[in-house]
Amino acid sequence: MNTVTTSRQVLYSIENVKKHYPIKGGIFKTVKSHVKAVDGITLDIFKGETLGVVGESGCGKSTLGRTILGLETATDGVMKFKGDDLSGKTPKQLKPYKREMQMIFQDPYASLNPKQRIGDALEEALIIHTDLEPAGRRSKVNQLLKEVGLKEEHYDRYPHEFSGGQRQRIGIARAISINPSFIVCDEPVSALDVSVQAQVIKLLKDLQEKHELTYMFVSHDLGVVRHLCDRVLVMYLGQMVELAPVAKLYENPTHPYTEALLSAIPRPVVGRKTERIRLQGDLPSPTDPPPGCAFHTRCPLATERCKMERPKWREIEDGHFIACHNK
Amino acid sequence: MAQSILDIENLVTKFKTANGEVSAVRGISFSLKKGETLCIVGESGCGKSITALSIMGLLAGNARSEGSINFNGKNLLNVKHEEMRKIRGNEISMIFQEPMTALNPTFTVGFQLCEPLMIHNKLSKKAAFQKGIELLKQVGIPLPEKRMKQYPHELSGGMRQRVMIAIALACNPSLLIADEPTTALDVTIQAQILDLLNDLKDEFQTSLIMITHDMGVVAEVADRVIVMYAGEIIEEGTAEAIFNTPQHPYTKGLLSSVPNVDDPYFKLNPIPGTLPNLNEQISGCRFHPRCPHAMEKCIQHSPYRTKRTENHAVRCWLQEVEESEYRNYQPTSAV
Ligand SMILES: Nc1ncnc2c1ncn2[C@@H]1O[C@H](COP(=O)(O)OP(=O)(O)O)[C@@H](O)[C@H]1O
Ligand SMILES: Nc1ncnc2c1ncn2[C@@H]1O[C@H](COP(=O)(O)OP(=O)(O)O)[C@@H](O)[C@H]1O
Ligand code: SF4
Ligand code: SF4
Ligand SMILES: [Mg+2]
Ligand SMILES: [Mg+2]
């Protein structure tokens with residue numbers, strides 16, 4: 001945690017952002033319905049912080065990340081980066097903003113060209129976004145390789161010659177190569193073994209400090225999130241259910257879904273008999289989310305009102321928000 | 001004391017590869033009692049799945065096992081294919097991380113559930129269908145009649161894993177092997193599956209070998225734990241021993257590589273480096289290239305197994321150092 005260094009300067013402000021995917025069907029491929037992958041997210045991302053985004057798979061974490069990076073067109077909402085409204089900007093006008101925002105993926109292998117040397121892959125972004133000469137690019141790549149814990153001689157190697165952890169280091173090198181200020185890390189350590197995972201987490205922390213990066217850290221691992229994040233957003237079916245500073249969220253989880261998520265984690269402690277909150281059933285479909293509070297079909301505290309009325313997003317304590325009728 | 005149903009002695013499993021023969025499992029021994037849950041942990045590639053597949057007799061064509069796997073008095077390594085197939089259906093079952101690899105996408109859940117019941121238990125079609133529905137109910141699947149007619153892709157990940165468990169339990173096996181059964185699932189669904197496995201174990205006294213890399217899952221289900229590194233067992237003991245007094249630097253490393261969700265001040269202390277390749281030659285202790293405590297002796301000689309207590313054994317030279325420290329009160333410095 002680096003709460004101390006977090007300033008309250010807003011870097012990115014998003015308001016009521018939605019991303020709905022049309023589902024086509026029938027012989028005429030007409031739009032039958034929509035997957036409400038992201039359904040109204042409003043928050044400020046502060047400069048220098050790490051904002052965790054958690055929730056079960058399919059709740060819209062990745063879509064939120066891609067949408068605010070402009071990799072997907074938002075269905076609705078306002079996004080302001082450093083105060084500038086990005087909506088309605090042409091691709092050319094967006095270029096300087098895109099340069100400031102990068103993404104690190106769960107599976108860096110999928111985003112690397114198997115036939116391209118690692119050095120060339122890293123140079124690509126430098127060619128597009130900087131006016132460095134070939135020699136300058138080469139030395140920048142060498143410096144990047146070292147910075148992420150790889151070696152200069154890795155320049156000439158191909159993706160398949162690297163282990164999962166090394167590939168993630170390459171993914172990180174590529175993300176930081178053009179000095180972005182904001183990086184969405186989408187499950188960057190989820191596919192890695194615990195020891196390698198810990199090494200990569202350390203690297204991400206070091207780089208953040210050194211380059212004053214702002215992270216949005218998407219993960220389903222609540223242990224990693226507690227360790228790395230300053231604030232945490234909990235999502236359910238594309239919606240926000242709780243947002244709080246990390247200590248508050250873990251010590252005083254308030255939304256019934258957050259409580260259930262935290263209590264479901266198996267603890268590495270023997271003989272600890274906990275009363276686990278058992279969530280019944282699976283996540284409902286985001287195509288047809290339950291009316292009222294989307295969580296009511298699985299919520300142990302659900303009342304009649306929850307089935308009809310969507311709970312309002314409200315601040316219960318300084319910086320601690322929830323959407324629930326009964327808390 | 002309950003008697004053991006599985007006794008593995010000096011199991012070695014090798015693969016023929018283009019670069020010669022390599023060993024994925026290097027002489028491991030352990031046993032399992034009736035009703036006991038044993039967890040096997042370690043980084044991916046350390047030989048957990050190959051150990052399980054060796055027991056199941058489901059290794060790839062280029063593999064060969066030595067040693068002995070005694071199950072209910074029979075050495076499974078000497079059993080004929082046909083008999084092994086019967087044992088697999090009846091007495092030992094396995095569930096996998098990704099149920100889609102084990103479920104046949106072209107058959108309904110009902111078919112896949114009923115077939116073994118008809119073959120192994122000689123049930124009629126009707127009786128098998130009834131039993132199938134019962135099994136689905138038992139693993140907590142709502143609307144079992146409807147599910148019987150569905151195909152695997154129509155089910156969610158958690159639901160598919162339940163179907164896998166139902167199939168695995170169909171013939172009341174005395175040994176169940178679960179290879180990372182919850183790794184691909186969300187924590188909420190994982191919790192449901194772990195509860196289910198625990199309930200079933202209590203009800204049927206099934207012995208369970210659970211392979212996982214998640215120390216939280218281990219603490220939740222294990223009676224005993226085996227820690228594997230590069231094909232060897234480097235530490236074994238009761239769950240209490242492994243979590244409360246871990247001895248091997250690798251075990252300690254595994255425990256401090258996972259941020260504790262309850263500890264805001266958790267210090268992440270990763271094990272440096274990665275698991276060696278199977279064809280890498282390593283002298284002495286196979287962990288020495290990554291071990292912060294490696295001494296001259298570790299590079300020269302493979303440590304032997306030291307029993308700390310009746311229920312806790314370690315393979316590490318530090319045990320010896322510690323013992324002599326106690327004896328002479330002379331500090332021994334690590335190189
Ligand atoms: N390109 C797409 N087209 C249609 N549906 C999509 C697309 N991408 C994601 N979805 C759906 O949106 C929902 C949210 O997905 P995602 O953002 O990947 O969730 P998460 O990252 O939290 O697991 C899921 O139901 C998913 O199936
Ligand atoms: N058919 C095979 N031929 C050669 N090597 C194999 C084969 N199957 C597995 N291996 C190797 O055996 C080692 C142990 O694998 P495995 O038991 O699957 O590890 P894990 O502990 O992750 O389950 C790995 O290095 C793997 O690459
Ligand atoms: S609004 Fe109702 S259903 Fe939703 S989380 Fe709160 S109590 Fe549960
Ligand atoms: S034997 Fe030596 S190298 Fe191996 S784990 Fe023990 S101290 Fe480390
Ligand atoms: Mg995702
Ligand atoms: Mg495995």
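Computed from a predicted model, the values in this text were never measured in an experiment. Note on naming: letters A, B, ... go to the chains in the order of the sequence lines (proteins, then strands), and numbering restarts at 1 for each one.
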Quick check: does any side chain N or O of [X] sit under 3.5 Å from a backbone N or O of [Y], one acting as donor and the other as acceptor?
X	Y	value
A:Arg298	A:Leu279	no
A:Gln208	A:Leu213	yes
B:His288	B:Cys285	yes

Heavy-atom proximity to chain A below 4.5 Å, by part of [X]:
X	result
B:Asp262	both
B:Val218	neither
B:Leu268	both
B:Thr274	side chain
B:Gln192	side chain

| said: When you compare the side chain of A:Asn252 with that of A:Glu317, does any pair of heavy atoms fall below 4.5 Å? | reply: yes
| message | Just so I know, are the side chains of B:Asp214 and B:Thr182 near enough to count as touching, which here means a heavy-atom distance under 4.5 Å? | response | no
| request: Answer yes if the ring centres of B:His248 and B:Tyr229 are under 6.0 angstrom apart, and no otherwise. | output: no
| task | Applying side chain to side chain donor-acceptor pair (under 3.5 Å) between A:Glu242 and each of A:His320, A:Lys327, A:His255, report the one that passes. | result | A:His320
| Contacting region of A:Val194 [heavy-atom separation from chain B under 4.5 Å] | both
| note | Okay, A:Arg278 and chain B: the region with an atom under 4.5 Å from a heavy atom over there is side chain
| query | When heavy-atom pairs shorter than 4.5 Å are enumerated against chain A, which of B:Leu254, B:Ile242, B:Leu275, B:Thr188 gives the highest number? | reply | B:Thr188
| message | Using a 4.5 angstrom heavy-atom cutoff, name the option from B:Ser256, B:Gly45, B:Ala239, B:Gly140 with the most pairs to chain A. | response | B:Ala239
